[in-house]
Each structure stands twice: as C-alpha cells, then as structure tokens.
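Let me begin by presenting the structure, written as structure tokens, before commenting on it.
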Amino acid sequence: MAERTTTAVFTGSSWDEKDVTDADRSPRLAHAAVVNDYSGGIQAVGTTCQYVLTYTAGGDGSFCGTELLTGSVDGREGSFAVQQRGTFDREGVIRCAFEVVPGSGTAALTGLTGTGDYEVREGEKAVEVAFRYRIDGD
C-alpha cells in the first residue's frame, strides 16, 4: 500500500453564501453552499460542498467544511468525502488543508485515505491541489 501523489485543478462553478449572524457583528458567521469542478489527477464535476465561515474584525477568518466528490482519482472511479479546514486573510490569501473522511470511499475508491492542501489568492479561477493518498489493497 504505497502512498501516491497526484495533482488536480479545481474551479468553482457556484458559491452561495448567507450570513448566519448579523452582518455587522464580529465575529460573524456565514454558511456557504459551493459547487466545484476538478480536472487532472482528480476528476469530479459538480461536487457538493458545505462551509461554515468565521469572519473576524479586520478581514481575517477561518472556515471548515465537507465536500463530496464523485468521479475518479488517477483513473479509479468512485465517490469520497473530504473534510476541509482553512484560513483567509485581509490580503486575500486562502490556505486550506483537507483529509479524506475515513470509510467514505466507494467502488474502486473503497479504502481511500489521504490528505491534501492548497493555497490561492482570492479571485483566482483555477486552484491547484496536491493530494497524497493510499487505497487499501494496492
């Protein structure tokens, strides 16, 4: 069961954010429903992602969420979920680390474990993702 590394690029196809607390409150909470499309080592179109965002005074903040991907990883088809945690700052830099939800892999991705990360500047359309993974039985 050797660890593999692949890279992918995702683009956001929709972002629907709504305040959970008053917009002028600090810290402020928001919820975002997001849809992404992945290409490269991860192929997945129309993912489902839900985020909770915390905005602090000054424009910094953090987020956490779960994304469900259906497609393939390096040609192996199935679905899996990832939990994401990240930060954003007033300069517009977004940093995120994610981990495969244990037991969430299906079909040829059953037994998938892995971690990944990305860093992007707000407004960039294509985001490169590094993904290190293993699949039980490989």
Side-chain angles (χ1 to χ4, degrees):
M1 184 167 78
E3 182 174 84
R4 297 178 181 176
T5 301
T6 194
T7 58
V9 172
F10 77 83
T11 55
S13 55
S14 75
W15 181 282
D16 181 22
E17 185 172 331
K18 296 185 179 6
D19 286 329
V20 175
T21 58
D22 292 334
D24 59 350
R25 181 179 175 162
S26 183
R28 178 172 61 92
L29 296 180
H31 171 264
V34 179
V35 177
N36 294 313
D37 296 324
Y38 286 78
S39 61
I42 300 171
Q43 296 280 328
V45 175
T47 69
T48 300
C49 185
Q50 300 290 315
Y51 288 122
V52 174
L53 302 101
T54 304
Y55 292 89
T56 58
D60 295 335
S62 65
F63 61 92
C64 61
T66 303
E67 185 169 21
L68 176 62
L69 297 92
T70 299
S72 64
V73 175
D74 288 338
R76 295 180 70 150
E77 293 187 10
S79 296
F80 64 101
V82 294
Q83 291 182 329
Q84 304 176 21
R85 295 186 66 80
T87 61
F88 50 91
D89 62 32
R90 67 194 90 202
E91 284 80 38
V93 177
I94 302 163
R95 294 174 181 88
C96 180
F98 60 89
E99 182 174 1
V100 173
V101 174
S104 67
T106 66
L109 298 176
T110 299
L112 177 70
T113 59
T115 60
D117 55 75
Y118 63 85
E119 182 174 317
V120 63
R121 182 159 291 283
E122 188 175 335
E124 292 179 354
K125 301 288 186 211
V127 180
E128 186 169 309
V129 176
F131 183 47
R132 296 159 299 283
Y133 70 96
R134 297 174 193 255
I135 299 176
D136 290 342
D138 271 4

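For clarity, every value in this text was computed on a predicted model and none was experimentally measured.
Within the structure, the salt bridge (charged side-chain N to carboxylate O under 4.0 Å, His left out) test picks out no pair touching residues 40-59 (sequence neighbours left out). Among residues at least two apart or in separate chains, there is no side chain to side chain donor-acceptor pair (under 3.5 Å) pair with a member in residues 102-111. Counting only residues at least two apart or in different chains, salt bridge (charged side-chain N to carboxylate O under 4.0 Å, His left out) contacts with residues 48-59 are absent.
With sequence neighbours left out, V120 forms a side chain to side chain contact (heavy atoms under 4.5 Å, CB included) with I94, Y118, E124, V127. Here E128 pairs with nothing under the salt bridge (charged side-chain N to carboxylate O under 4.0 Å, His left out) rule; sequence neighbours left out. Partners of E99 according to the side chain to side chain contact (heavy atoms under 4.5 Å, CB included) rule, which considers only residues two or more places apart in sequence or in another chain, are T115. Partners of S13 under the side chain to side chain contact (heavy atoms under 4.5 Å, CB included) rule, at least two apart in sequence or in another chain, are V35, D37. Applying the salt bridge (charged side-chain N to carboxylate O under 4.0 Å, His left out) test to R90 and every residue at least two apart in sequence or in another chain returns D60. Contacts of K18 classified as salt bridge (charged side-chain N to carboxylate O under 4.0 Å, His left out), with partners at least two apart in sequence or in another chain: D16. For V93, the side chain to side chain contact (heavy atoms under 4.5 Å, CB included) partners at least two apart in sequence or on another chain are D89, R95, E119, R121.
Here the side chains of L53 and F88 are in contact, with some heavy-atom distance below 4.5 Å. A heavy-atom distance below 4.5 Å is found between the side chains of C96 and F63.
When every heavy atom of G61 is checked against every heavy atom of T56, the shortest pair comes out as N-OG1, 4.1 Å. Nearest heavy atoms, T5 versus R132: OG1-CG, 3.6 Å.
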Residue pair I135, L109: steps toward the side chain to side chain contact (heavy atoms under 4.5 Å, CB included) verdict: CA-CA 7 Å; I135 299 176; L109 298 176; 4.0 Å; yes

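V101 and V129 fall into different hydrophobic clusters, where Ile, Leu, Val, Met, Phe, Trp and Tyr residues are linked whenever their side-chain heavy atoms come under 4.5 Å apart, directly or through other members.
Applying the 6.0 Å contact sphere to CD of E91 captures more than 12 heavy atoms from other residues, nucleotides or ligands.
Here W15 contributes atom CH2 and C49 contributes atom SG; the two are 7.5 Å apart, rounded to the nearest 0.5 Å.
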Could you pull out all donor-acceptor pairs under 3.5 Å where a side-chain atom in residues 23-34 meets a protein atom, sequence neighbours excluded?
from, atom 1, to, atom 2, distance (Å)
S26, OG, A57, N, 3.2
R28, NH1, D19, OD1, 2.3
H31, NE2, Q50, OE1, 2.6

Distance-only criterion, 3.5 Å: show the donor-acceptor pairs between side-chain atoms of residues 66-81 and protein atoms not counting sequence neighbours.
from, atom 1, to, atom 2, distance (Å)
E67, OE1, Y38, OH, 2.9
E67, OE1, Q84, NE2, 2.8
E67, OE2, N36, ND2, 3.0
E67, OE2, T47, OG1, 2.7
T70, OG1, S79, OG, 2.9
D74, OD1, T6, OG1, 2.9
D74, OD2, Y133, OH, 2.5
R76, NE, A108, O, 3.1
R76, NH1, D138, OD1, 2.6
R76, NH1, D138, OD2, 2.8
R76, NH2, A108, O, 3.1

